[in-house]
Structures are given as structure tokens and as C-alpha cells.
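All remarks here apply to the structure that follows.
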Amino acid sequence: MQTVRSVQELKPVVTQLWYHSATFPKVMGIMLGLTSLKENHMMPFYAMHIYGEADHHEMLMQWMLKHGILQDRKEIEKFIPTIATNACVNLVYQMAIEQDRSKWLACLNSGIERCSNHFFIKMSEKLDELDVNDPYFTVHVEADQHHSILGLDYLEAANDSFRREVIINKALEGISLWAFMLNSWIGINRMPEFDLEGNLLNKQATGINN
């Protein structure tokens, strides 16, 4: 990110980001639509999250058109999502089908949304530097931080040690796949792996030192 000197250099990133942004509310719609009657108290939570995300990919599309990253909206069809992007999206599809609330909250809200918050902070800083920032990016700086905290009130207090391990592992899986996805957007084939304490296991493979 530090070496980027023009908005055009961000094309490989933002075209992949569009796919992720366009798919995200669809997955949350499945989570809402499959919510069982006994989990009905969660429906407003899921619905508000969908409502907040539903038009974001169109905001990104308009920004890309405005700055000539895309010549027309049909050009987005020429970009194939990376395997890592699909893996991250498919993880959330899996959880929507599974309907395990705590996995969803720990992985999507507390894990992926928090990582997304850091990503948009860095993107906004770079776009401010290039004088091309947009509400699409700035809204996520605040919204993703809010979403990462919001679900904690609904997260179960798991007394069973195996159940706790399952939930923690799912959260770390989401963080690994999010990082794998972002790396793939800049041509790096690396996925961090963590132990249950959150310690990075493959520092050498990922190039991360801390």
C-alpha cells in the first residue's frame, strides 16, 4: 500500500473488493431467511446488518467509474474472483446454511469485520493521500468497528471446553481466510495459520514477524 502512487494501481484490489462487497449482503440474507423460530430474536440484528451493507457495492462501482478504474459497469464481469476471495465468501455461506449463531458472530462479526475495519483504515489513509477518498471507504472505517463489537452481546457463554474450541477455531479460520483473500488481491499466495491462543504458526511462510 505504501508504494501506491495512483488510484489506477488499486484496480486489482478494488475490483476484487467489489465482488466481496456485492456478495456479502446476499450471504447475510440467507442467514436471515433461514433463521429458525426459536432464534427469531436475532432477526432484527441480521436485518440491520444487511440494510447497512446492501448498497455498498454500488457506491464502490460509482467510485470506480468516476475515477476511470472501470470504463463501464459491464467491465467488472471481466474480473474473476480469486480462489482466496471465493474461499472467504464461501466460509460465510457455509455458516449461513449451518445456522450456528455463535460461529457466525465470532467468525463474521468479531473476526472478519474487525479485520475489515483495519483494511478500510489503511485504504482510507492511502486514498486521502491520493485525494480520491469516498464515503464507501470512510463509512466502513466506522461501521465495521461497530459491527465487530455489536455481536458480542449475543455470543453464548460456552461452558463446554470443546464448544469454546469450536467457536474460537471458527473465528481464527475467518481471520486466516480474510488475510489469504487480501494477499491474493496483490498477487501473494499466503495464508496465515493460528493456534487456539491466536499465535501465528507459519511466520516464515507468511512473511509476518509479529
Side-chain angles (χ1 to χ4, degrees), residues 1-30 48-93 96 107-109 111-148 174-192 206-208:
M1 190 71 72
Q2 293 179 349
T3 61
V4 172
R5 294 291 176 264
S6 74
V7 69
Q8 292 296 329
E9 294 178 57
L10 293 170
K11 187 172 186 175
V13 172
V14 294
T15 48
Q16 290 288 322
L17 178 60
W18 181 91
Y19 177 80
H20 182 275
S21 190
T23 308
F24 200 41
K26 297 178 186 293
V27 180
M28 289 188 287
I30 295 173
M48 285 189 293
H49 202 165
I50 298 166
Y51 179 78
E53 299 281 352
D55 65 340
H56 285 180
H57 68 289
E58 182 59 23
M59 293 171 66
L60 179 57
M61 172 62 71
Q62 294 300 324
W63 178 82
M64 290 191 290
L65 292 171
K66 176 181 177 181
H67 294 286
I69 294 172
L70 298 180
Q71 297 307 307
D72 57 65
R73 64 173 52 246
K74 286 189 175 181
E75 190 182 347
I76 197 69
E77 299 172 9
K78 298 179 181 179
F79 296 92
I80 300 173
T82 67
I83 292 172
T85 299
N86 278 329
C88 191
V89 170
N90 288 341
L91 169 67
V92 190
Y93 270 119
C107 181
L108 189 146
N109 286 90
I112 291 175
E113 287 278 17
R114 189 58 177 169
C115 292
S116 179
N117 176 238
H118 285 289
F119 167 75
F120 280 107
I121 288 172
K122 293 299 182 182
M123 280 291 290
S124 285
E125 289 174 355
K126 174 53 66 174
L127 295 176
D128 279 338
E129 181 185 316
L130 298 174
D131 197 27
V132 292
N133 211 346
D134 185 82
Y136 170 80
F137 299 96
T138 56
V139 74
H140 281 92
V141 172
E142 191 171 317
D144 290 354
Q145 181 182 31
H146 175 64
H147 290 147
S148 70
I175 293 169
S176 291
L177 288 178
W178 175 268
F180 185 34
M181 178 178 72
L182 293 194
N183 281 338
S184 76
W185 294 354
I186 56 175
I188 298 175
N189 184 26
R190 294 173 180 166
M191 184 181 74
T206 58
I208 300 174

Counting only heavy atoms from other residues, nucleotides and ligands, does the tally under 6.0 Å from [atom1] of [X] exceed 12?
X      : atom1 : value
Lys26  : NZ    : no
Asp131 : CG    : no
Leu130 : CG    : yes

Please check if the side chain of [X] supplies one atom and the backbone of [Y] the other of a donor-acceptor pair under 3.5 Å.
X      : Y      : answer
Trp185 : Pro12  : no
Asn109 : Ser148 : no
Glu129 : Arg5   : no
Glu9   : Ser6   : yes
Asn133 : Ser124 : yes
Gln16  : Ile80  : yes

Closest heavy-atom pair and its distance - [X], [Y]:
X      : Y      : answer
Pro192 : Phe180 : CD-N, 4.3 Å
Leu177 : Met191 : CD2-SD, 3.8 Å
Ser21  : Pro25  : O-CD, 3.1 Å
Thr15  : Ile76  : O-CD1, 3.9 Å
Met181 : Ser184 : O-OG, 2.6 Å
Leu91  : Gly174 : CD2-CA, 3.6 Å

- Over 60° means perpendicular and under 30° means parallel, so classify the ring planes of His147 and His49, tilted if in between. tilted
- Message: Using 30° and 60° as the class boundaries, would you call the ring planes of Phe120 and His140 parallel, tilted or perpendicular?
- Response: parallel
- Query: Checking side-chain contact (heavy atoms from CB on, under 4.5 Å) for the pair Glu58/Arg73: CA distance, chi angles, key distance, verdict?
  - Reply: CA-CA 10 Å; Glu58 182 59 23; Arg73 64 173 52 246; 2.7 Å; yes
Measuring from atom [atom1] of [X] to atom [atom2] of [Y], what distance do you get when rounded to the nearest 0.5 angstrom?
X      : Y      : atom1 : atom2 : answer
Tyr19  : Thr82  : OH    : OG1   : 9.5 Å
Asn86  : Tyr93  : CG    : OH    : 9.5 Å
Leu60  : His20  : CG    : NE2   : 12.0 Å
Arg114 : Trp178 : CZ    : CH2   : 13.0 Å
Glu77  : Leu70  : CD    : CG    : 11.0 Å
His57  : Thr23  : NE2   : OG1   : 9.0 Å

- Message: I'd like to know whether Asp144 forms a side-chain contact (heavy atoms from CB on, under 4.5 Å) with Phe119, so could you lay out the CA-CA distance, the side-chain angles of the two residues, the decisive distance to 0.1 Å, and finally the verdict.
- Response: CA-CA 10 Å; Asp144 290 354; Phe119 167 75; over 6 Å; no
- Message: Working note: Ile112 + Val92, criterion side-chain contact (heavy atoms from CB on, under 4.5 Å); need CA distance, chi angles, decisive distance, verdict.
- Response: CA-CA 10 Å; Ile112 291 175; Val92 190; 4.2 Å; yes
- Using the side-chain contact (heavy atoms from CB on, under 4.5 Å) rule, take Asp134 and His67 through it: C-alpha gap first, then chi angles, then the decisive distance, then the call. CA-CA 11 Å; Asp134 185 82; His67 294 286; over 6 Å; no
- Query: Does the distance from a Lys or Arg side-chain N to an Asp or Glu carboxylate O, for Glu75 and Lys78, drop under 4.0 Å?
  - Reply: no
Side chains of [X] and [Y] in contact at under 4.5 Å (non-hydrogen atoms):
X      : Y      : result
Leu10  : Leu127 : yes
Met123 : Lys126 : no
Gln62  : Tyr136 : no

- Message: Centre-to-centre under 6.0 Å for Phe137 and Trp63, is that the case here?
- Response: yes
